[in-house]
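In what follows, a single structure is set out as structure tokens and then discussed.
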Amino acid sequence: MSVLIIVFLTAVIALFSGVFEQGKFARYIGILGLIIALYVSFMPECSFFDHYKHMYEYSDNTALFTKISIVTTLLLFFLGGFAFSNHRSHQSELYALMLFALCGGIILFGYQNLVTMFLGVEILSIPLYVMAGANKTDLRSNEASIKYFLMGAFATGFLLFGIAFIYGSAGSFDLYKIHDFGVANAGNVMFILGVLLILCALAFKVALAPFHMWSPDVYAGSPSLITAFMASVVKISGFFALFRLMTLGFAGVTHEWINVLGVFLIITLLLANVMGLAQTNAKRMLAYSSVSHAGYIGLVFFGMTSLSTYNLAFYLFAYSLSTVGVFMCLIWVEKLKRETSFGAFKGLAKTEPLLATVATISMLSMAGVPLTAGFMGKFALFSQAMNGAAFLVLVAVLGSALSIAYYLRLIIAMFFFKESTFKSSEKVTLTYNIIAVVVIALIIILGVFPDLFARMFGL
């Protein structure tokens, strides 16, 4: 909980720094606070917070996912100087809202109680509704904010209705007591209905089809750095919350929800990848790519072993790295071209080879090409799921094959056009080049030596 407090205080200080110099110090305050929080996350939790274990417990798994989310947020903050250059009047608010959303994610990594989970979901979601509409003069950004808010409110209704059913049947919000009730009363209709309602609500949060309808429009309309945050940190938080709830609180009725989840995954894997092929805009393509990855990650629920949590963490970190790599390229192109169509990327490799390379390696990792972190992540999840859902793995492999096609379209645009549409005077900043090298190195190193992941995060 000490990490949560540090991130929260950092968000408050970053918010009030907007009083001075239009908030230009907010990014540096955020980076410093995140570095301190990352350092503290490697230390044992203070015994003072043992009083709150019935609501929130900072376990080893909580620490692992907290570290992953902080590292990802830190990388995005480094990209913020250029990405938010046209938001000078309210930079401090944007950085503070990102940190407040991260607080919600950290709560979701350690909740022990459905009330705590609800608070985490809302603290994560409400800042995102605001950030999606940060481009106030852009109608697409306004639409994204309104659509996300309305659909989010709808999903919150499902979540609260499900929690009410669970409490009405089990008589408790505590996950362990709910688990015991599920084991003893597996046929309780009210309990099962509550489980399915909560599953649908959290499926919305992680953009599993058919609850993904908001995702393409919100991702396309939001500022690109915020979209990258949604596709990485929000997905990490949402999926671990779902994983923790279904495998701990609702483990006693697994047979009642596992087939429903399997249907969601099949729809997600096929629909998202087919729709990705039809896109002509890189940002919308990446939105459908994010939906498809929700389908791959969902395989962690099938054929579960003692390594399932580790496999989930590895995949989410690999995917987040790839998201940062692709979006840093997209942010730069969008700033110069004011659009994100595939045509806007033509000839990028001629002018900025490093930027084109990091985007290419990131997309190859997303597609699961060998010698990348994404391949190792998919291999681990697919191997695990083969023990319980071979058909789902087959669908996932088909989806991965389809995804290569739409990733290649962007790669071809960057590398295989003779004439560059970019001016040689427009150079990427040093910060972007450093982050590009870091992302490339991590994706390749973890693809060749995946065991280094455990050492990186102190496992």
Side-chain angles (χ1 to χ4, degrees), residues 1-5 8 41 44-66 69 103-126 155-206 236-258 260-261 300-301 304 306 308-309 312-313:
M1 191 174 284
S2 52
V3 177
L4 176 62
I5 292 172
F8 172 75
S41 69
E45 180 66 305
C46 178
S47 59
F48 172 79
F49 297 113
D50 289 346
H51 300 292
Y52 305 99
K53 278 190 174 181
H54 64 288
M55 296 292 285
Y56 177 88
E57 183 178 8
Y58 194 76
S59 63
D60 291 340
N61 288 335
T62 305
L64 172 59
F65 284 88
T66 298
S69 62
C103 288
I106 294 173
I107 291 172
L108 290 177
F109 297 142
Y111 71 91
Q112 298 286 92
N113 187 292
L114 289 181
V115 174
T116 314
M117 182 197 74
F118 174 73
L119 289 174
V121 168
E122 292 308 300
I123 293 171
L124 175 69
S125 301
I126 292 172
T156 297
F158 271 69
L159 181 61
L160 284 174
F161 208 8
I163 290 174
F165 277 170
I166 296 297
Y167 182 75
S169 53
S172 175
F173 293 117
D174 186 84
L175 292 187
Y176 293 100
K177 292 180 180 178
I178 290 171
H179 172 267
D180 293 341
F181 179 86
V183 171
N185 303 272
N188 188 298
V189 176
M190 183 183 290
F191 185 80
I192 293 169
L193 185 58
V195 170
L196 294 178
L197 284 170
I198 293 176
L199 174 61
C200 291
L202 293 181
F204 168 87
K205 296 299 180 183
V206 298
I236 294 170
S237 305
F239 252 106
F240 187 72
L242 179 62
F243 181 79
R244 184 176 181 82
L245 184 63
M246 307 311 283
T247 59
L248 177 56
F250 301 152
V253 289
T254 300
H255 60 283
E256 302 292 345
W257 57 261
I258 194 71
V260 175
L261 180 61
V300 73
F301 291 98
M304 287 187 61
S306 58
S308 293
T309 305
L312 176 63

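These figures come from a predicted structure and were not determined experimentally.
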Margin query: To the nearest 0.5 Å, what is the distance between CZ on F240 and OG on S69?
Written below: 11.0 Å
Sequence neighbours excluded and cut-off under 3.5 Å, please list the side-chain donor-acceptor pairs for residues 175-190, or say none.
from : atom 1 : to   : atom 2 : distance (Å)
N185 : ND2    : F181 : O      : 3.1
N188 : OD1    : M190 : N      : 3.1
N188 : OD1    : F191 : N      : 3.0

Next item on the list: Please round to the nearest 0.5 Å and tell me the distance separating atom OH of Y56 and atom CG of L108.
Entry: 9.5 Å
Margin query: Using every non-hydrogen atom in the two residues, find where I107 and G120 come nearest and quote the distance to one decimal.
Written below: CG2-CA, 3.7 Å
Check: Tell me, which pairs form a side-chain hydrogen bond (donor to acceptor under 3.5 Å, both in side chains) where one or both residues lie in residues 239-250, sequence neighbours left out?
Finding: Q112-R244
Margin query: What's the separation between atom CG in L202 and atom CG in L245, rounded to the nearest 0.5 Å?
Written below: 6.5 Å
Notebook entry, point to check: Would you call L197 and I163 a side-chain contact if the rule is heavy atoms closer than 4.5 Å?
Noted result: no
Notebook entry, point to check: Hey, are T156 and E122 close enough side-chain-wise for a donor-acceptor pair under 3.5 Å?
Noted result: yes
Item checked: Check against side-chain contact (heavy atoms from CB on, under 4.5 Å), F243 and L312 -> CA-CA 9 Å; F243 181 79; L312 176 63; 3.8 Å; yes
Note to self: To the nearest 0.5 Å, what is the distance between OG1 on T62 and OH on Y111?
What the structure shows: 10.5 Å
Next item on the list: List the atom of F165, the atom of G194, and the distance in Å for their closest heavy-atom pair.
Entry: CB-CA, 3.7 Å
Item checked: Donor-acceptor contact present, side-chain S41 to main-chain A63, <3.5 Å -> no
Notebook entry, point to check: What pair of heavy atoms forms the shortest contact from E256 to L196, and how long is it?
Noted result: O-CD2, 4.1 Å
Margin query: Can you give me the closest heavy-atom contact between N113 and V115, atom names plus distance?
Written below: OD1-N, 2.8 Å
Note to self: Measuring from atom CG of L199 to atom CG of L159, what distance do you get when rounded to the nearest 0.5 angstrom?
What the structure shows: 11.5 Å
Notebook entry, point to check: Does some side-chain heavy atom of I198 sit less than 4.5 Å from a side-chain heavy atom of F250?
Noted result: yes
Checklist line | Side chain to side chain, M246 and V195, heavy atoms closer than 4.5 Å | finding: yes
Checklist line | Nearest non-hydrogen partners of G238 and V206, listed with the distance | finding: C-CG1, 3.4 Å
Notebook entry, point to check: In terms of ring plane angle, is the pair F301 and W257 parallel, tilted or perpendicular, where the classes change at 30° and 60°?
Noted result: perpendicular
Check: At what distance, to the nearest 0.5 angstrom, does CZ of F161 lie from CD1 of I166?
Finding: 12.0 Å
Notebook entry, point to check: side chain to side chain contact (heavy atoms under 4.5 Å, CB included) with A313: which residues, sequence neighbours excluded?
Noted result: L64, F65, I68, F453
Checklist line | Heavy-atom check, side chain of L242 versus side chain of K205, under 4.5 Å | finding: no
